[in-house]
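Reading through the structure tokens given below for one structure.
In listed order, ligands and their atoms are each counted from 1.
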Amino acid sequence: SLQKVETFLQRSIGTDVVAAQPEAPTRDESDEKGGCKSLHALQVERQEQAARSVLINCQSRTREKTLLKYLSSHGDIKNYFFYESDDLYAVVEFAKRENVASLLEGAIIPSGSHESAVPFKSRLLTLRNLHTAKSPNQQSGQQCQVQTAFPITELIKNLSREDSIDQQITSLTETYQLTEENTRLRFLVCSLLNDITAAYFPECTIKPFGSSVNGFGKLGCDLDMFLDLDGISGWNVKTPKSGLFLEYQMKQASSARAVTQNILYVIGECVDQFGPGCTRVLKILNARIPLVRFSHKPSGFQCDLTANNRVAMKSTELLYLYGELDPRVRGLVFTVRCWARTQGITSGMPGAWITNFSLTVMVLFFLQKRSPPIIPTLDHLRDLAGPADKCVIEGNDCTFVSDFSKIQLQSNTETLEQLLREFFEFYGTFQFSKMSLSIRKGQEMNKPEMGPLHIENPFETSLNVSKNVNTSQLDRFVALCQESSWLLQQSETNKPKVNEDSYNVLPWGLATLLLPSQVATINTRKKKRREPASARIKSLLESLKNKNEPKMSEGL
Ligand code: GTP
Ligand code: MG
């Protein structure tokens with residue numbers, strides 16, 4: 001991916017209007033020992049970058065050079081790229097915030113004849129070009145950055161061309177991970193929303209969390225946002241012991257939850273009524289975590305806005321940390337998530353399915369159980385924490401080390417291929433009926449309650465993150481783990497196929513695990529009768545030939 005970023009940066013420098021050197025990608029420049037930047041530092045840098053950026057609908061198909069020349073009259077352009085969703089768009093990052101202000105000052109409010117505009121000004125703009133108005137189909141020749149996930153059938157073909165399962169896992173991860181441009185777009189959409197919320201709370205920030213920033217995001221994943229009001233000055237200021245002081249008069253609600261609901265209600269209304277590009281706004285205020293859900297049309301992102309959700313931010317930080325500790329973590333998480341989605345273990349809809357978050361915790365737990373362990377337990381990360389890392393949220397201890405260099409890893413040399421095989425073996429035979437999973441302890445524990453699947457919430461240990469999962473969904477997961485474990489042991493499937501015809505590659509290794517499964521309808525945990533290997537492989541191959549695409553949405 002670094003190579004991709006480099007190519008992208010070279011292209012940016014290549015234009016004559018780009019005066020300033022674009023910033024280097026964040027992953028390789030570290031301000032902390034151990035080669036990793038904390039998620040917090042990364043967020044601050046990205047937010048600042050987003051605040052200097054604008055999003056422009058370029059439907060008028062103006063030539064790239066002409067557009068950049070026009071824009072750069074307001075200031076130096078540090079970086080830009082084009083992408084297509086419902087239209088052609090450009091993300092343009094200026095060197096300074098003043099440049100954006102200057103650009104906006106010159107923009108005009110549309111004066112439609114039938115419709116009237118809500119005069120809310122934002123950094124989402126449309127480029128009009130009177131010169132090309134007569135030929136709207138003119139091609140402008142911009143190179144577009146893809147923002148959606150690669151089709152699964154193409155992925156299966158590409159994986160089958162790789163020489164080893166390790167390479168297949170790496171290739172899958174590189175294909176699906178968020179690109180530099182997609183990450184920029186995510187932060188920009190948060191920044192645009194921040195402009196709406198800042199109308200009421202000027203000191204607030206909107207931060208992305210979840211898979212947009214935890215290192216496990218796949219192109220096309222939703223954008224989880226968090227309205228952070230903790231930065232408002234005046235909280236937790238000690239009352240003076242003597243003398244005069246002033247206190248704000250504030251509206252009181254019945255509980256902290258009610259405050260969150262009220263704020264989200266109003267913000268949801270504003271997004272709906274005033275937010276350019278925001279459609280299908282839903283206020284889901286009675287959920288355990290109240291949220292506002294909407295589509296941001298220009299980016300194509302499905303957005304979930306929450307408030308006062310600091311534990312989720314902490315778990316995002318924790319997943320990010322684990323993902324940065326060893327490259328095998330991300331490889332395995334991407335692979336297992338992709339496998340689970342193609343096999344219908346996870347779903348885009350809420351229900352009794354295992355969620356991506358639960359699945360990620362399962363992978364982490366498995367990696368803690370290796371011998372020697374590949375990643376440390378959460379208790380160990382807490383023990384390494386310094387005084388500045390201390391964090392208690394609503395009575396829950398969320399403390400863990402932020403300085404990556406304090407973490408000593410053990411020398412486990414297992415390959416990704418071995419780990420994938422072992423993962424399926426591990427969960428194909430796990431005692432789910434008696435045991436729960438705890439990444440805090442790195443050990444299975446006696447189940448405190450009788451739900452089918454019990455995965456301890458890392459920061460609220462009395463909660464089960466997979467409480468929603470029913471028996472039949474767990475049984476499908478186990479059956480599919482057994483099937484995949486079995487497939488990876490078959491000589492027909494675990495070696496590259498001899499390639500007689502380079503256009504017609506036969507699926508092997510990881511690619512076979514992504515083909516439609518035979519256990520899709522199995523919903524009991526009885527051991528299924530196994531067909532002879534050759535028959536099963538044949539039917540798997542047939543299913544690929546028939547272009548039987550696995551049931552998936554999410555742009556796969
Ligand atoms: P995808 O959106 O599926 O790609 O993954 P995600 O990790 O973003 O999951 P999701 O959007 O469902 O949730 C966003 C974040 O909220 C997660 O990364 C977690 O930090 C947190 N989260 C989600 N589900 C749970 C849960 O059941 N318990 C807890 N404690 N946190 C959760
Ligand atoms: Mg998400």
Side-chain angles (χ1 to χ4, degrees), residues 39 43 148-149 173 176-178 182-183 186 189-190 207-227 284 287-296 299-323 329-330 333-342 344-365 378 391 393-394 396-398 400 436-440 451 453-469 552-556:
L39 182 59
Q43 294 242 25
T148 49
T173 310
Y176 277 160
Q177 69 193 351
L178 302 184
N182 196 265
T183 301
R186 284 170 190 270
V189 172
C190 288
K207 292 177 178 150
F209 72 99
S211 59
S212 296
V213 285
N214 67 15
F216 303 125
K218 187 184 119 201
L219 283 171
C221 70
D222 67 357
L223 172 55
D224 303 293
M225 308 187 219
F226 159 54
L227 170 64
I284 310 170
R288 186 173 83 86
I289 310 282
L291 65 105
V292 174
R293 175 166 290 171
F294 61 95
S295 302
H296 186 259
S299 60
F301 294 143
Q302 163 85 21
C303 305
D304 275 352
L305 174 69
T306 56
N308 195 14
N309 190 9
R310 288 196 292 145
V311 179
M313 199 66 220
K314 267 295 175 193
S315 53
T316 301
E317 261 175 62
L318 180 69
L319 296 197
Y320 173 82
L321 184 150
Y322 276 129
V329 179
R330 293 183 68 237
V333 170
F334 267 91
T335 304
V336 169
R337 278 186 173 208
C338 177
W339 166 82
R341 190 60 196 257
T342 50
I345 293 167
T346 52
S347 157
M349 288 173 294
W353 291 279
I354 296 177
T355 63
N356 267 339
F357 181 66
S358 298
L359 208 54
T360 308
V361 177
M362 289 173 105
V363 174
L364 296 177
F365 180 75
L378 179 51
C391 173
I393 301 171
E394 288 157 21
N396 296 300
D397 187 3
C398 302
F400 61 91
S436 81
L437 280 66
S438 164
I439 60 163
R440 182 161 276 286
L453 175 61
H454 196 280
I455 303 175
E456 184 188 85
N457 182 325
F459 295 120
E460 294 161 282
T461 47
S462 61
L463 300 180
N464 173 9
V465 301
S466 54
K467 206 178 164 65
N468 62 314
V469 177
M552 291 184 137
S553 55
E554 207 188 86
L556 259 176

Closest to [atom] (judged by heavy-atom distance), picking from [options]:
atom: atom 3 (O) of ligand 1; options: Asn457, Asn468, Asn356; value: Asn356
atom: atom 27 (O) of ligand 1; options: Val213, Asn214, Val465, Val361; value: Val465
atom: atom 31 (N) of ligand 1; options: Phe357, Phe226, Tyr320; value: Phe357

Would you mind reporting whether [Y] and [X] have side-chain heavy atoms less than 4.5 Å apart?
X: Lys218; Y: Asn356; result: no
X: Leu178; Y: Leu219; result: yes
X: Phe216; Y: Val329; result: yes
X: Met313; Y: Cys398; result: no
X: Arg337; Y: Ser211; result: yes
X: Pro208; Y: Met225; result: no
X: Phe365; Y: Ile455; result: no

Treating [X] as the side-chain partner and [Y] as the backbone partner, does any N or O pair qualify as donor plus acceptor under 3.5 Å?
X: Ser466; Y: Leu453; value: yes
X: Asn457; Y: Ser462; value: no
X: Asp222; Y: Cys303; value: no
X: Arg440; Y: Leu378; value: no

- Find out whether the Lys NZ or Arg CZ of Lys207 is both under 6.0 angstrom from the six-membered ring centre of Phe226 and within 45° of the ring's axis.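 No, Lys207 does not sit over the ring of Phe226.
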- Task: Give yes if a backbone or side-chain nitrogen or oxygen of Arg288 is under 3.5 Å from a nitrogen or oxygen of ligand 1, and no if not.
- Result: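 Not met; the criterion fails.
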Any [X] heavy atom less than 4.0 Å from ligand 1:
X: Arg337; value: yes
X: Gly217; value: no
X: Thr355; value: no

- Near the Mg ion (ligand 2), is there an N/O/S atom from Asp304 that is less than 2.8 Å away?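 Checking the Mg ion (ligand 2) against Asp304, no N, O or S atom falls under 2.8 Å.
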With backbone taken as N, CA, C and O and side chain as the heavy atoms from C-beta onward, which portion of [X] lies under 4.0 Å from ligand 1: side chain, backbone, both, or neither?
X: Phe216; value: neither
X: Ser211; value: both
X: Asp224; value: side chain
X: Lys467; value: neither

Residue [X] vicinity, atoms of ligand 1 by number, heavy atom under 4.0 Å:
X: Asp222; answer: 2 (O), 11 (O)
X: Gly210; answer: 8 (O), 14 (C), 15 (C), 18 (O)
X: Ala312; answer: 20 (O)
X: Phe209; answer: 14 (C), 15 (C), 16 (O)
X: Ser315; answer: 19 (C), 20 (O)
X: Cys221; answer: 4 (O)

- Task: Round to 10° and report the angle made at the Mg ion (ligand 2) by OD1 of Asp222 and OD2 of Asp224.
- Result: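 Angle OD1(Asp222)-the Mg ion (ligand 2)-OD2(Asp224): 100°, rounded to 10°.
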